[in-house]
Participant: 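Before I ask anything, let me first share the structure, which is written out below as structure tokens.
Chain letters run A, B, ... following the sequence lines, proteins first, then strands; residues in each count from 1.
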Amino acid sequence: MQFSRPRGTRDFLPEEMARRRYVEKVMRETFESYGYREIQTPVFESLELIAAKSGEDIVKHLYSFKDKSGRSLALRPELTLPVMRLYINELQRKPKPIKLYYFENCFRYEEPQAGRYREFWQAGIELIGTSYPEGEAEVIAIAVEVLEKLGLKDFELHIGSIGILRKILRESGVKEKEQGKILHLIDKGEREKLENLLKKLKISGENKRILLGILNLSGEKKEVVSKARELLKGRAALEEIEKFESILRFLDLKVQKYSLNLGIARGLDYYSGTVFEIYANRLGAQKQICGGGAYSLAGMLGGEETPTCGFAFGFDRVMLALEAEKEMNIDSKTHVLVVPVSESLLGDAVKISSIIRKSASCELDLMRRKLGRALAYANSEGIPFVVIVGDEELAKGCVTLRDMKTGEQKEIKLSELERIGEKL
RNA sequence: GCCGCGAUAGUUUAGUGGUAGAAUUGGGGACUGUGGAUCCCCUGGCCCGGGUUCGAUUCCCGGUCGCGGCCCCA
């Protein structure tokens with residue numbers, strides 16, 4: 001092989017592409033059925049935008065470069081930032097809510113492993129301009145609906161609330177910046193470092209007890225919510241629980257199976273309210289196939305602050321999860337192969353192919369195969385019908401249509417050929 | 001960034017310190033207008049660089065790529 005693919009990238013062959021396009025279609029149709037409309041942003045953005053709200057670790061994993069004019073650019077590592085940039089640039093004055101969806105490739109410079117590639121695809125939605133619970137609930141429900149439509153069985157939805165955590169921290173006098181650090185430690189599960197930081201920030205024992213108590217709450221809705229209420233009795237964070245509960249009440253109308261985990265923090269500083277993650281457990285280390293929640297980003301990016309929430313599917317992982325679970329026989333094969341019995345009839349075969357294409361996908365044998373070989377080819381490729389173009393039939397204004405499955409043959413008038421697709 | 005395993009026709013593989021077979025795929029023929037069988041022919045390969053050696057596809061080192069794990073995961 002002279003040239004090989006760049007590390008961590010993939011070529012997609014026709015069969016896999018057919019499966020990917022099918023899944024993509026289900027996602028698009030679901031998003032659109034809720035009124036989301038597709039947008040597209042550039043593959044690269046200014047490095048400042050991408051790096052703005054990101055820590056060192058994230059910048060380290062960017063594909064970044066300078067263009068010929070010395071501008072610092074980066075390939076997008078995700079789509080929430082570009083989409084919000086687009087919103088601020090173009091859509092701030094449009095009627096709310098604004099519903100956007102995307103299906104795009106992203107790039108991260110990481111060591112490839114199972115379910116992790118340097119070029120990967122994300123499909124997601126952003127709901128901008130409303131923070132009513134029915135909106136947030138709907139966003140979560142859409143993610144679940146997609147997976148259900150795809151027939152994925154083995155997945156778990158986990159819901160948490162960064163809003164509650166932030167409220168507790170704010171009540172304890174922790175500034176925004178420190179909140180980020182704390183949430184990061186929570187996300188990583190670094191309990192020891194977390195306790196040290198809390199000590200350093202002089203969080204009172206009572207507040208610490210409440211925070212750690214909340215973090216440990218996970219499981220069934222009723223239990224988690226009532227325990228959280230008890231912990232937060234008489235505190236401002238109680239109102240966050242109430243909002244959380246009303247989101248869940250709306251969610252319950254559409255999704256029954258989920259668990260709560262108030263220890264979910266998600267990695268990024270801009271998450272502010274309800275957050276959720278979906279896992280396909282059989283994928284192992286890279287099991288998270290979807291992540292999202294409510295966040296505040298418009299203000300940080302220089303726009304007018306507005307509530308937003310959304311999610312992104314790790315498209316490639318959704319594919320892996322589906323393929324691990326079931327056979328996906330989705331392929332778009334040619335319907336008809338046109339074969340002339342002799343080279344002198346090639347011209348007729350070309351014309352006949354064009355006629356057939358008005359109603360069915362059709363390929364002309366381009367290898368000048370003999371009839372027997374052509375039938376073998378149709379058979380091995382799973383092409384269900386062969387149209388044989390021969391002198392004898394042409395003299396009668398006909399061609400022979402062969403059903404490859406049954407071996408049945410019949411003569412068809414050229415005049416009927418145009419609508420042949422309806423009969424196959 | 002780190003660790004383990006690996007790399008031989010398009011694919012799956014055998015094998016060797018003296019440059020390699022097989023199966024399968026692909027093209028053609030036996031069969032000059034009828035497929036899934038059979039037989040025959042053809043095409044096609046030792047990841048890259050360095051070292052050891054008379055000689056390396058084989059042994060050693062490095063790289064690249066793949067699979068998987070750690071870190072990380074927006």
Participant: So does A:Glu156 pair up with A:Lys257, basic N to acidic O under 4.0 Å?
Facilitator: no
Participant: Tell me the partner of B:U13, counting only Watson-Crick (N1-N3 plus N6-O4 or O6-N4) or G-U wobble (N1-O2 and O6-N3) with both under 3.5 Å; none if nothing fits.
Facilitator: B:G21
Participant: Are A:Glu110 and A:Lys60 within salt-bridge range, i.e. N to O under 4.0 Å?
Facilitator: no
Participant: Mind checking whether A:Tyr279 and A:His158 have ring centres under 6.0 Å apart?
Facilitator: yes
Participant: Starting at CZ of A:Phe315 and ending at P of B:C73, how long is that distance when rounded to a whole Å?
Facilitator: 25 Å
Participant: Rounded to the nearest angstrom, tell me the gap between atom CG in A:Leu371 and atom C1' in B:U32.
Facilitator: 12 Å
Participant: Rounded to the Å, how far apart are A:Arg368 CZ and B:G29 C1'?
Facilitator: 18 Å
Participant: Using a 4.0 Å heavy-atom cut-off across all strands, classify A:Gly407 as base, sugar-phosphate, or nothing.
Facilitator: base
Participant: For A:Glu343, answer base if it contacts any base atom (sugar-phosphate contacts may also be present), sugar-phosphate if it contacts only those atoms, and nothing otherwise; contact means non-hydrogen atoms under 4.0 Å.
Facilitator: nothing
Participant: Looking at every strand, decide which applies to A:Met367 at a 4.0 Å heavy-atom threshold: base, sugar-phosphate, or nothing.
Facilitator: sugar-phosphate
Participant: Taking CD from A:Glu78 and C1' from B:C73, how many angstroms apart are they, rounded to a whole number?
Facilitator: 12 Å
Participant: Just to be sure I understand the rule, does A:Gly390 reach a base, reach only the sugar-phosphate, or reach nothing, if contact means heavy atoms closer than 4.0 Å?
Facilitator: base
Participant: Quick one: label A:Arg266 by what it contacts on the DNA or RNA (base, sugar-phosphate, nothing), any heavy atom closer than 4.0 Å.
Facilitator: sugar-phosphate
Participant: Checking all strands, does A:Arg369 fall into the base, sugar-phosphate, or nothing category for heavy-atom contacts under 4.0 angstrom?
Facilitator: sugar-phosphate
Participant: Determine: side-chain N/O of A:Lys188 to OP1/OP2 of B:C71, distance under 4.0 Å, yes or no.
Facilitator: no
Participant: Please give the distance between the P atoms of B:A74 and B:C65 as a whole number of Å.
Facilitator: 25 Å
Participant: Whole Å only: how far is the CD atom of A:Glu411 from the P atom of B:G33?
Facilitator: 16 Å
Participant: Would you mind reading off the distance between A:Lys410 atom NZ and B:U34 atom P, rounded to a whole angstrom?
Facilitator: 22 Å
Participant: Which pair of heavy atoms, one from A:Gly310 and one from A:Phe276, lies closest together, and at what distance?
Facilitator: O-CE2, 4.3 Å
